[in-house]
Student: 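Structure below; questions to follow.
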Amino acid sequence: MYSLIMFICGLISLCLKFKHLLMMLLSLEFIILSMYLSLYFMLIMYNYEFYMLMIFLSMSVCESVLGLSILVYLIRTSGNDYLKTFNMLW
């Protein structure tokens, strides 16, 4: 139940914070953490091993690092993280 509430709150914050790229990345990370929590509860309920959690966690860390590196690159090239200014880059 908590992971569903976290997921919905993450989707709402993703929709409301559409102005800055950093806030969108943080909202996506919150959604991924809620999915991680729901997967953890599901594996505990069925008494499975936690190898899938380690794979999911390592993939989410790789996704986070990629998003932050793109954010740093865009801030260095354009000077800010507003999404409306990125239309000029393409």
Student: Can you tell me how far the CE atom of Met42 sits from the CE atom of Met52, to the nearest 0.5 Å?
Tutor: 8.5 Å
Student: Determine the minimum heavy-atom distance between Leu68 and Leu25, stating which atoms define it.
Tutor: N-CD1, 4.4 Å
Student: Does some side-chain heavy atom of Phe18 sit less than 4.5 Å from a side-chain heavy atom of Met23?
Tutor: no
Student: In the structure I gave you, are the side-chain heavy atoms of Ile32 and Ser34 within less than 4.5 Å of one another anywhere?
Tutor: no
Student: Any side-chain heavy-atom pair from Glu29 and Ser64 closer than 4.5 angstrom?
Tutor: yes
Student: With heavy-atom distances below 4.5 Å as the criterion, would you say the side chains of Ile75 and Asn80 are in contact?
Tutor: no
Student: If hydrophobic clusters are built from ILVMFWY residues whose side chains come within less than 4.5 Å, do Tyr46 and Leu43 share one?
Tutor: yes
Student: Given the rule that I, L, V, M, F, W and Y join up when any side-chain heavy atoms are under 4.5 Å apart, are Met59 and Phe30 in one cluster?
Tutor: no
Student: Do Ile44 and Leu53 share a hydrophobic cluster, counting only Ile, Leu, Val, Met, Phe, Trp and Tyr and linking them when any side-chain heavy atoms are less than 4.5 Å apart?
Tutor: yes
Student: Starting from Phe50, can I reach Tyr36 by hopping between I/L/V/M/F/W/Y residues whose side chains sit under 4.5 Å apart?
Tutor: yes
Student: Should side-chain heavy atoms under 4.5 Å link Ile, Leu, Val, Met, Phe, Trp and Tyr, which residues sit in the same cluster as Leu4?
Tutor: Ile8, Ile12, Leu16
Student: For Asp81 and Leu71, run side chain to side chain contact (heavy atoms under 4.5 Å, CB included): C-alpha distance rounded to whole Å, both residues' side-chain angles, the deciding distance at 0.1 Å, then the answer.
Tutor: CA-CA 7 Å; Asp81 68 336; Leu71 176 70; 3.9 Å; yes
Student: Measure the CE-OG distance between Met45 and Ser38 for me, rounded to the nearest 0.5 Å.
Tutor: 10.5 Å
Student: Taking Leu37 as the starting point, is it possible to reach Leu11 by hopping between hydrophobic residues whose side chains are less than 4.5 Å apart?
Tutor: yes
Student: Indicate yes or no for a side-chain donor-acceptor contact from Ser13 to the backbone of Gly10 under 3.5 Å, with no hydrogens or angles considered.
Tutor: yes
Student: Would you mind listing every ring pair (Phe, Tyr, Trp, His ring centres under 6.0 Å) that reaches into residues 60-84, with sequence neighbours excluded?
Tutor: His20-Tyr82
